[in-house]
Amino acid sequence: MAQRKETIVLFPFMAQGHIIPFLALALHLEKTNKYTITFVNTPLNLRKLKSSLPQNSSINLLEIPFDSIDHNLPPCTENTDSVPYHLVSKLIEATLSFKPLFKKLVNDLIDEQNGYKPLCIITDMFFGWCKEIAQEYGIFHAIFIGGGGFGFACYYSLWVNLPHRNTDSDEFVLPDFPEASTIHATQLADYLRVADGSDSFSAILQKVLPQWMNADGILVNTVEELDKIGLMYFKRKFGRPVWPIGPVLLSTENRGGAGKEYGISTELCKKWLDTKRYSSVLYVSFGSQNTIATSQMMQLAMALEASGKNFIWVVRPPIGFDINSEFKANEWLPRGFEERIKCSGQGLVVHKWAPQVEILSHRSVSVFLSHCGWNSVLEALSHGVPIIGWPLAAEQFYNSKLLEEEIGVCVEVARGKSSEVLKKDIAAKIELLMNETEKGTDLRNKANEVKVIIKNAVRNETNFKGSSVKAMDQFLNAALIMRQMEKGASKDEV
Ligand SMILES: *[C@@H]1O[C@H](CO)[C@@H](O)[C@H](O)[C@H]1NC(C)=O
Ligand SMILES: *[C@@H]1O[C@H](CO)[C@@H](O)[C@H](O)[C@H]1NC(C)=O
Ligand SMILES: *[C@@H]1O[C@H](CO)[C@@H](O)[C@H](O)[C@H]1NC(C)=O
């Protein structure tokens, strides 16, 4: 008889930035052929996910009932991408009502399997409360951070301590994380800068974040060799195992999972890149959820053109406009910009989405101007591409800081969506990295070293296991040990 497959339950918060790394983890675990994966979320998110799962996937989708109206949210809003930012805290708050629903879900799952419990429950950083339910059933519980260790260590410490409220200075140190060195007020996202402990964001985050304390361990989508300080913070803070298992990324064929429609075909994109010299193209993208101000967009366009460097730029409507609406080049870009760079062959302006991994892995691409979202960071570093950082939100500021100050593969060009950015400063940074300057050469070399580090971290061979493979094995072993102890305990009861 075939051995019973263990079940692993995954439950991310309802935001693309959380669902995507969880989906990547689900597919990664499924590939080992040892586990049955159950992916929990609200109805609309699951519907979207279902249409984009790979054909051969056997991931079970289990629904947590949710009606946004019950939580004073607009109708049919189940994902941060469909609520205005000031309501995101409300969406997090609403998830506290999942407790009895999740308990029922776990209970039904166990009944369905004739009393056989899942091996473990992996939940979002906002769902630390799941521990209570896991514990009640004697199931192993881990938190999965889809982002980086350093970035989320800073994010965690900032929200829990609000250190910027205790100083008049623009620069301060994190009280429980001095290793991160100085943070500047410009590195705080808008909602964090004004947070004082009584606003809706700090109220909910100070409630849910400390609940990590009770988890059996924390999985981080990072590579140990690159992110030691951040991982150390969580080990020290919680006294729990922390397992760096990254990079866990969606493969190219599973990109559809993000519901993306490319603004250009992969073939055309590759064809264009094929015509360019080795290491001569700048790739510019601010990710799926972010955009910049109109004035910043203008300056960036002028800088790109003036630099004379080849580029691919993924454009989205600027701040103040629906990010999914039609792009109005004649309003948001310099007059005639698109036609000029098309005629000269200097650049490719892509609307909405570009096949990012194919671009970053192409030999013609040399540098990535990025918002430093963790997924983009991992994809760039996996291909040895150095970064010009322009962090815009959340923990991106600390990702950029890690890349520049600790790893040495990044130069920051700007911060935030409202700062004044000048064409000449952007052009200078582009030249610094793309010309044969000492700094540019250093960064490119370093990025190539990092690429090798990442490659080694995920090596899984009979006589060599990389750090990320070892961490994944340790995590799964820890869950199995708990299962065996539970079995022992229930025998004693009989
Ligand atoms: C599904 O197919 C893809 C591509 O052929 C393969 O890489 C993956 O391992 C398969 N997954 C499963 C669960 O069989
Ligand atoms: C970079 O190279 C271009 C020519 O390709 C040159 O015009 C520019 O001055 C150089 N910039 C720096 C910072 O070296
Ligand atoms: C590593 O490879 C072994 C043998 O193929 C497999 O059983 C295990 O699941 C793999 N581990 C990871 C983390 O992929």
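In listed order, ligands and their atoms are each counted from 1. For clarity, every value in this text was computed on a predicted model and none was experimentally measured.
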N460 N/O under 3.5 Å from ligand 3 N/O: yes

Among R335, R340, K423, salt bridge (charged side-chain N to carboxylate O under 4.0 Å, His left out) partner for E305: R340

Protein non-hydrogen atom found under 4.0 Å from atom 13 (C) of ligand 3: yes

Pairing of K401 and E404 as salt bridge, 4.0 angstrom limit: no

Contact atoms of ligand 3, heavy-atom distance to M472 under 4.0 Å: 13 (C)

K117 (side chain) donor-acceptor with Y137 (main chain) under 3.5 angstrom: yes

H184 (side chain) donor-acceptor with T186 (main chain) under 3.5 angstrom: yes

Heavy atom of the protein closest to atom 9 (O) of ligand 2 (residue, atom name, distance): E431 OE1, 4.0 Å

T441 side chain to T437 backbone, donor-acceptor under 3.5 Å: yes

Nearest-contact summary for atom 5 (O) of ligand 2 - protein heavy atom, Å: K309 NZ, 3.9 Å

Any protein heavy atom < 4.0 Å from atom 7 (O) of ligand 2: no

Distance from atom 1 (C) of ligand 2 to nearest protein heavy atom, with residue and atom: N435 ND2, 1.4 Å

Aromatic ring pairing F475/F140, orientation class (parallel under 30°, perpendicular over 60°, tilted between): tilted

Contact with ligand 3 for K34, non-hydrogen, under 4.0 angstrom: yes

